[in-house]
J.: 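Let me give you the structure first, and then I'll get to my questions.
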Amino acid sequence: PPVKKGIPIWAWLLIGFVGLMMLIGIGTAVIAYVFVSKAEQMAKNPVSAIARMAAMANPDVDVLNVDEKTGKVTVRDKKTGKTITIDGDAIKDGKITIDSDEGHAEVGAGANIKTPDWIFLPPGAKVVGGVTSDSTKGAGGTVVFNTSQSFDAMKSFFEDKYRSAGYEETANASTSTGSDQALHLVFRHDGRKRTVTVAVGKTGEGVSGSIVYGEEGQ
């Protein structure tokens with residue numbers, strides 16, 4: 001999804017890097033190999049270690065506080081004076097959270113992803129991951145799911161849901177290659193300034209999809 005306003009780009013890169021480590025399961029041995037001098041600190045608090053390395057690499061980043069008990073790291077952008085707090089302890093629950101004066105964001109897996117009530121998921125869909133953000137300017141994010149529903153049922157489901165909720169369908173495209181199929185839908189609600197983009201794919205492994213959403217200002 002596009003970078004959200006209110007949170008510095010380097011902060012999103014930091015979250016993305018930690019999230020990638022969490023999702024692909026990089027072990028302590030690999031971390032020690034790459035960051036030999038930081039291995040012990042990384043094992044205790046990966047967010048703290050990465051935040052400190054980010055500060056070393058970027059003179060505009062200042063680590064204000066590291067709370068080893070709670071796992072929270074507070075970092076300041078020297079150019080803007082804005083501060084953010086990253087909850088490293090949340091990694092054990094399968095998510096990463098970040099807070100600033102302007103909003104809250106989460107990177108997580110499965111049930112940790114909480115979406116607004118205007119995001120519709122197929123019945124029985126299993127959320128496997130995503131990113132969410134809430135600020136004074138609105139909500140935005142991405143949710144990834146698997147579903148036992150048929151591929152053909154997906155188009156009707158999303159069109160019925162969003163059209164009945166007052167959204168206009170602004171894009172509709174589908175492709176197929178052999179047994180593989182893909183669907184791309186975009187819905188826009190001008191009154192509420194919301195956009196929802198749905199992508200669904202069918203392969204030999206089943207049907208899965210993603211929903212990218214945002215409100216104006218996000």
J.: Parallel, tilted or perpendicular: which fits the ring planes of Tyr167 and His189, with parallel below 30° and perpendicular above 60°?
T.: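 Perpendicular, since the angle between the ring planes exceeds 60°.
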J.: What are the two closest heavy atoms between Phe145 and Ser210, and how far apart are they?
T.: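 The pair with the smallest heavy-atom distance is CE2-N, 3.7 Å.
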J.: Are any of the side-chain heavy atoms of Ile211 and Phe158 separated by less than 4.5 Å?
T.: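 The answer is yes, as the side chains (C-beta and beyond) meet within the 4.5 Å cut-off.
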J.: To the closest 0.5 Å, what do you measure between NZ (Lys126) and CG (Leu121)?
T.: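 The NZ atom of Lys126 sits 14.0 Å away from the CG atom of Leu121.
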J.: Spell out, as yes or no, whether a donor-acceptor pair under 3.5 Å connects the side chain of Glu215 to the backbone of Ala139.
T.: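 Side chain of Glu215 to backbone of Ala139, a donor-acceptor pair under 3.5 Å: yes, one is there.
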J.: Any side-chain heavy atom of Gln181 sitting closer than 4.5 Å to one from Ser174?
T.: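 They are not in side-chain contact.
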J.: Does any N or O in the side chain of Thr177 come within less than 3.5 Å of the main-chain N or O of Asp180, such that one atom is a donor and the other an acceptor?
T.: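 Answer holds: no.
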J.: What about Ile119 and Met154, same hydrophobic cluster or not, with Ile/Leu/Val/Met/Phe/Trp/Tyr joined at side-chain heavy-atom distances under 4.5 Å?
T.: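 Cluster IDs for Ile119 and Met154 match.
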J.: Given the rule that I, L, V, M, F, W and Y join up when any side-chain heavy atoms are under 4.5 Å apart, are Val196 and Phe120 in one cluster?
T.: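 Yes, one cluster joins them.
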J.: So which of Glu168, Arg194, Glu159 actually passes side-chain contact (heavy atoms from CB on, under 4.5 Å) with Phe187?
T.: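 For Phe187, the side-chain contact (heavy atoms from CB on, under 4.5 Å) test succeeds with only one of Glu168, Arg194, Glu159, which is Glu159.
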J.: Are any of the side-chain heavy atoms of Arg188 and Lys193 separated by less than 4.5 Å?
T.: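 Yes; the side chains approach each other to less than 4.5 Å.
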J.: Can you name the closest pair of heavy atoms from Tyr213 and Trp118 and give their distance?
T.: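 Looking at all heavy atoms of both residues, the closest pair is CD1-CH2, 3.6 Å.
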J.: Indicate the atoms forming the closest heavy-atom contact of Thr147 with Pro123, along with that distance.
T.: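 Nearest heavy atoms, Thr147 then Pro123: OG1-O, 4.3 Å.
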J.: How long is the straight-line distance from CZ of Phe151 back to OG1 of Thr203, given to the nearest 0.5 Å?
T.: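 It comes to 11.0 Å.
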J.: Would you compute the distance between atom CG of Asn172 and atom CG of Leu183 and round it to the nearest 0.5 angstrom?
T.: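 Rounded to the nearest 0.5 Å, the CG-CG separation comes to 6.5 Å.
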J.: Does Gln149 reach the side chain of Val207, with side-chain heavy atoms less than 4.5 Å apart?
T.: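 Side chain of Gln149 against side chain of Val207, heavy atoms only: no contact under 4.5 Å found.
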